[in-house]
Amino acid sequence: MNEERRDFIREIVQQDLDSGRVKNVVTRFPPEPNGYLHIGHAKAICINFGIARRYDGRCNLRMDDTNPTKEDVEYVESITADIKWLIEGWADHCLGLKPIGGLPDRIDVDGREDFYIASVTPAESAAQQSPALEPFFASDYFEALYEYALELIRRGKAYVCDHTAEEVDQMRGAPDRPGRESAYRERPVEENLDLFRRMRTGEFPDGARTLRAKIDMSAPNVWLRDPVLYRIRHTSHHQTGDRWCIYPMYDFAHGLSDYIEGITHSLCSLEFEVHRPLYEWILEALELPRVHPRQREFARLNVTYTIMSKRKLLRLVQEGHVRGWDDPRMPTLSAMRRRGYPAEAIRTFVQAVGVAKRENMVQIEYLEHFVRENLNRSTPRVMAVLRPLRVVIENYPEEQVEELDAVNNPEDASAGTRKVPFSRVIYIEQDDFREVPPPKYHRLSPGVEVRLRYAYLITCTDVVKDPATGEIVEVRATYDPATRGGDTPDGRKVKSTIHWVSAKHAIDAEVRLYDRLFSVEDPDDTPEGEDFTRNLASESLEILRDGKLEPSLAAAKPGSRYQFERLGYFFTDPEDSHPGAPVFNRTVTLKDTWARIERRQNRRP
RNA sequence: UGGGGCGUGGCCAAGUGGUAAGGCAACGGGUUUUGGUCCCGUCAUUCGUAGGUUCGAAUCCUGCCGCCCCAGCCA
C-alpha cells in the first residue's frame with residue numbers, strides 16, 4: 001500500500017503520543033451483530049486498524065451486543081470472517097481478540113477496584129499455544145457495567161426512574177424547550193441501590209423502571225437530559241442466555257467498554273458527535289483511574305448507486321430482491337468477496353477516499369477504478385466467448401489442430417505463457433461481428449480483415465442466416481497462413497484484434513454478469529410514499545449458460561480470478577463451482593472505449 | 001426559533017497568512033496482437049456569500065446563506 005495520508009484524526013493521535021497523554025495506541029471496531037458488514041464499515045475498519053498499524057498499536061474487535069432483541073450469532077460469525085478477510089496481510093498483527101470465554105479481570109489501581117481485559121493477537125496466541133480466540137463482547141462486561149452503575153448510584157449520579165416510556169418522552173422537552181425533572185429524581189441512594197438490584201433479579205416487568213443518569217434536564221444537548229442507562233428486557237441474549245433481564249444502553253456501555261479494554265481512541269461516525277459530552281460525562285462521573293479513551297468522529301462513507309442501511313439491506317435479503325447477504329450485487333463485504341473484489345483494492349479505495357468530516361457521496365466508479373488497477377497487474381488473461389457466434393475458416397484444413405502460444409499476463413512477464421488450441425471452427429463474440437458496421441466499428445464485418453489474438457488474420461467472406469428468422473447463425477472466413485501467431489510478415493496493419501475459442505476444444509460454463517443493483521445514483525431519493533425498492537434496476541443480473549471458454553479453464557479453482565480478455569475480470573464462484581463445471585462471476589468489466597463511442601453515436605445521431 | 005457539525009472543480013480531497021496538490025470522471029493525442037494497460041496534454045484568476053483586518057486571505061474577524069446530525073427504554 002502506498003504512503004499513508006495524514007488526516008485530522010491521525011493528527012490528534014500523534015499529539016496524544018507527543019504530549020504523553022497516552023503511551024500506546026489502542027483503537028477498536030465495535031459493530032453491532034445485527035447485520036452483515038458493508039463497504040461503509042470498511043472505511044471504519046481501515047481507519048481503526050490503519051491507525052493501530054501506523055502507531056504500532058492494537059485494534060480490538062468488539063461485538064457491541066447490548067440489545068438482544070435485534071442481534072444474532074449468525075452475524076457475529078460473518079462479521080468476524082469479513083474483518084479477517086479485509087485486513088489479512090495488512091493489519092492482522094494488530095487484531096486484538098481474547099481467549100474464548102475470557103472476562104475482564106478485577107484489578108487494583110491505587111487502591112481502587114477496577115476492571116480490565118487485555119487483548120491477544122492471533123500470532124501471540126499461536127506462539128504460546130494458547131486457547132482459541134474470539135472477539136470481545138460488550139456482553140462480557142455486563143457484570144462490570146452493573147458494578148459501575150452501582151457506583152454511579154452511590155455517587156448520587158444515577159437514579160431509578162418509574163416513569164413510563166411515554167412519560168419520559170413527554171418530559172424530555174424539545175430541542176428548544178427544556179425538559180421536566182423525573183418525579184423519582186431525588187430518590188435516596190439506598191432506595192436506588194435496592195431498586196436497581198431488584199431490577200436485576202427480575203422483580204419488575206419490561207419497561208417498569210429504568211436507571212437514569214442524573215445530569216441536567218434543561219441541557220441544550222438533549223442527550224444530557226437524564227439519559228436512560230439501563231432498561232428491563234426479559235429476553236434471552238445470544239451470548240449471555242437468560243442470565244440478565246436488564247441491559248445497558250449504548251451510551252453507558254460503549255464508553256465503559258472502551259475503558260475496560262484500555263482503548264485510547266474511540267473513533268466513530270459523525271452522528272455520535274452529539275453523544276460525546278455524555279461519553280465523557282460517564283467516565284468523569286466515575287472518576288475512573290486509568291487513561292480515559294477519547295472519542296473522535298469522522299464522516300461515514302456513501303457510495304453512488306448503493307444503500308448502506310443495514311435495515312434496508314436486510315429487506316433486500318428477506319424480500320428476495322437478492323439471493324442473500326453475499327449476493328455479489330450487495331454492498332456487503334461478503335458479497336464483494338464473492339464477486340471477486342480483492343481486499344487490497346477495497347483498502348486502497350478507502351484510503352484514497354480519505355478521512356474528513358464533510359458529508360460525501362463517492363462515485364462507484366472510483367471503487368471500480370481501484371479494483372481494475374489491482375486486478376490488471378495480478379490477474380492471468382484467458383480467452384472466453386460469452387455470446388458465441390460460430391465462424392468457419394474455409395481454407396483451414398478440416399482435421400488440423402494447432403497449439404498456439406498465448407501470454408498469460410502482459411503486465412507480468414513471470415506469469416509465462418500457455419498453449420491454446422486452434423482449429424477450423426471457432427467461436428467469436430457476437431458483438432465482434434456486424435453485417436453492416438457502424439462508423440468507427442473496427443471489428444469483423446464482410447470483407448474486413450481482423451486478427452484472432454495469438455492465432456491468424458482472417459477475412460470475412462460470407463454470412464449464413466437462419467432462413468426463417470434472418471438471424472446470423474454463422475460467419476464464413478478465410479485465414480492467411482503466413483500470419484501464424486498473429487504476426488504480419490509484410491507489416492500490414494489490421495484495425496482490430498478479437499478473442500476466440502476453438503469450437504471442438506471449448507468448455508462450457510455458467511457466467512453471471514452483475515450490474516448495479518439500483519438504477520439511480522441515490523436510491524433513497526424517492527417520490528412521496530415510495531421507498532428505495534422502486535429504484536431497483538430491472539436487470540442487475542444476467543446469467544449466461546452457453547459461454548464457450550478456452551480449455552485451460554476446466555482447471556479453474558474456486559476462488560481464482562481471471563481476466564477474460566476484452567471483457568472483464570471474473571471470479572470462480574466458490575459456492576457453485578464444481579470440478580469440471582466452473583461458475584464465473586463478473587467482478588468488473590474492462591473499460592470499454594467502444595461502448596462509449598457507440599453511446600455517443602446513439603445520443604446524437 | 002435550542003444544541004452540535006460541515007461548506008475548495010461533476011465526485012473525493014490536500015491546503016494550518018505568501019499567491020489553489022493529487023486521484024476519479026470527462027475531453028484531446030501517442031504507443032499497443034486486449035477499443036485493456038501505459039504515456040502525454042486540457043480541465044478552479046478562484047475556495048458558499050457579503051464585508052472587514054493585512055503589503056498579502058481558501059486560511060484571521062464579523063454578518064448572512066445552504067446542507068447534515070440530535071427529542072429510541074436502537075446502536
Side-chain angles (χ1 to χ4, degrees), chain A residues 5-7 11 30-32 34 64-67 69-71 161 163-165 168-170 172-179 206-212 219-225 227-233 247 249-251 253-254 268-277 297 299 301 304 310 349 352-370 372-373 376-377 381 383 406-407 410-411 440-443 451-455 457 483 485-488 494-499 521 563-568 589-598:
Chain A
R5 278 216 322 242
R6 201 167 161 99
D7 52 64
E11 232 140 67
E32 182 185 15
N34 67 345
D64 209 351
D65 57 348
T66 55
N67 183 0
T69 62
K70 293 191 174 173
E71 299 153 5
C161 175
H163 284 300
T164 63
V168 170
D169 229 42
Q170 286 171 1
R172 186 159 24 235
D176 57 349
R177 175 166 39 87
D206 286 6
R209 295 179 215 266
T210 56
L211 181 72
R212 292 228 258 162
N221 180 336
V222 295
W223 289 102
L224 260 20
R225 323 248 263 224
V228 171
L229 266 21
Y230 268 91
R231 73 291 215 182
I232 300 172
R233 284 268 179 287
Y247 292 96
M249 297 288 292
Y250 165 83
D251 289 292
H254 203 85
C268 59
S269 46
L270 244 31
E271 65 268 28
F272 292 99
E273 203 160 15
V274 289
H275 292 242
R276 192 155 92 202
E297 312 81 11
L301 172 68
T304 56
K310 281 198 268 186
F349 163 71
V353 163
V355 183
K357 293 187 77 160
R358 71 183 85 92
E359 294 293 329
N360 59 77
M361 176 72 82
V362 177
Q363 297 175 330
I364 186 82
E365 291 84 353
Y366 204 26
L367 207 208
E368 291 173 343
H369 162 77
F370 290 104
R372 289 194 186 100
E373 181 187 70
N376 175 51
R377 54 184 145 80
R381 311 286 117 142
M383 290 196 284
V407 173
E411 310 296 320
K440 294 188 179 168
Y441 185 87
H442 299 150
R443 282 110 92 144
R451 174 187 291 112
L452 294 177
R453 180 143 233 227
Y454 302 127
L457 269 55
T483 58
D487 298 315
T488 51
V494 287
K495 284 267 184 61
S496 180
T497 297
I498 64 176
H499 62 280
E521 281 203 4
Q563 184 199 99
F564 288 1
E565 292 216 32
R566 305 207 306 133
L567 298 176
T589 61
L590 251 32
K591 284 213 277 184
D592 191 345
T593 305
W594 167 242
R596 214 168 56 212
I597 294 168
E598 214 177 16

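Below, chain A is the first sequence line, B the second, and so on; all start at residue 1. The structure presented is a predicted model; accordingly, all values stated were derived computationally and were not measured.
Using P as the reference atom, A75(B) and U37(B) are 47 Å apart when rounded to the nearest Å. Across the C1' atoms, C12(B) and U8(B) are found 12 Å apart, a figure rounded to whole Å.
Between the side chain of Gln363(A) and the base of G10(B) there is at least one donor-acceptor pair of N/O atoms closer than 3.5 Å. For G36(B), its base sits under 3.5 Å from the side chain of Glu411(A) at one donor and acceptor pair at least.
Rounding to whole angstrom units, CZ of residue Phe272(A) and P of A75(B) are separated by 9 Å. Between the C1' atom of G35(B) and the CZ atom of Arg372(A) lies a distance of 14 Å, rounded to the nearest Å. Across the protein-nucleic acid pair, Glu359(A) atom CD and C6(B) atom C1' stand 8 Å apart, rounded to whole Å. We find that CD1 of Ile498(A) is positioned 16 Å from P of G36(B), with the value rounded to whole Å. If you take CG of Asn360(A) and P of A13(B), they are 5 Å apart, rounded to a whole angstrom. Rounded to whole Å, atom C1' of A13(B) lies 14 Å from atom CG of Leu301(A). Protein atom CD1 of Ile597(A) is 13 Å distant from nucleotide atom C1' of G28(B), rounded to whole Å.
When distances are taken from the side chain of Arg358(A) to each of C12(B), G36(B), A13(B), the shortest belongs to A13(B). Nearest nucleotide to the side chain of Phe370(A), out of G35(B), G23(B), C6(B): G23(B). The listed nucleotides are G5(B), U16(B), C12(B); the one nearest the side chain of Glu11(A) is U16(B). Here the nucleotide nearest the side chain of Ala356(A), chosen from A75(B), G36(B), A13(B), is A13(B). The Arg231(A) side chain lies nearest to C73(B) when the options are U34(B), C73(B), G3(B). Checked against C73(B), C70(B), U34(B), the side chain of Arg381(A) finds its nearest nucleotide in U34(B). Ranking C24(B), C74(B), G35(B) by closeness to the Asn67(A) side chain, first place goes to C74(B). Of the listed nucleotides (C12(B), G5(B), U34(B)), G5(B) has the atom at the smallest distance from the side chain of Glu273(A). Nearest to the side-chain atoms of Asp176(A) among the listed nucleotides G2(B), U34(B), G3(B) stands G2(B). Checking U34(B), G36(B), G35(B) against the side-chain heavy atoms of Arg453(A) singles out U34(B) as nearest.
Contact between the side-chain N/O atoms of Arg225(A) and the OP1/OP2 oxygens of G3(B) is not found at any separation under 4.0 Å. In this model, the phosphate group of U34(B) is not approached by any side-chain N or O of Lys591(A) to a distance below 4.0 Å at OP1 or OP2. Taking only side-chain nitrogens and oxygens, Arg172(A) never comes nearer than 4.0 Å to OP1 or OP2 of G2(B). Under 4.0 angstrom from either OP1 or OP2 of C24(B) there lies at least one side-chain N or O belonging to His369(A). Checking the phosphate oxygens (OP1, OP2) of C74(B), no side-chain nitrogen or oxygen of Thr66(A) falls inside 4.0 Å.
Rounding to the nearest 0.5 Å places CG of Asp592(A) at 9.0 Å from CG of Leu567(A).
The ring-ring contact (aromatic ring centres under 6.0 Å, His included) search around Phe370(A) returns Tyr366(A), not counting sequence neighbours. For Lys357(A), the salt bridge (Lys or Arg N to Asp or Glu O under 4.0 Å) partners at least two apart in sequence or on another chain are Glu273(A).
Base-pair partner of C6(B): G66(B) (Watson-Crick or G-U wobble, both distances under 3.5 Å).
Using the six-membered ring where Trp is involved, Phe272(A) and Tyr250(A) have ring planes that are tilted, between 30° and 60° apart.
In G72(B) the O4'-C1'-N dihedral to the base is within 90° of 0, which defines a syn nucleotide.
Results of the side-chain contact (heavy atoms from CB on, under 4.5 Å) test with Arg381(A) over Glu411(A), Arg566(A), His499(A) single out Glu411(A) as the only residue that passes.
Look at Arg453(A) and Glu565(A) and you find a salt bridge, because one of the NZ, NE, NH1 or NH2 atoms lies within 4.0 Å of a carboxylate O, short of that distance.
Looking at heavy-atom distances under 4.0 Å, Asp487(A) makes contact with a base.
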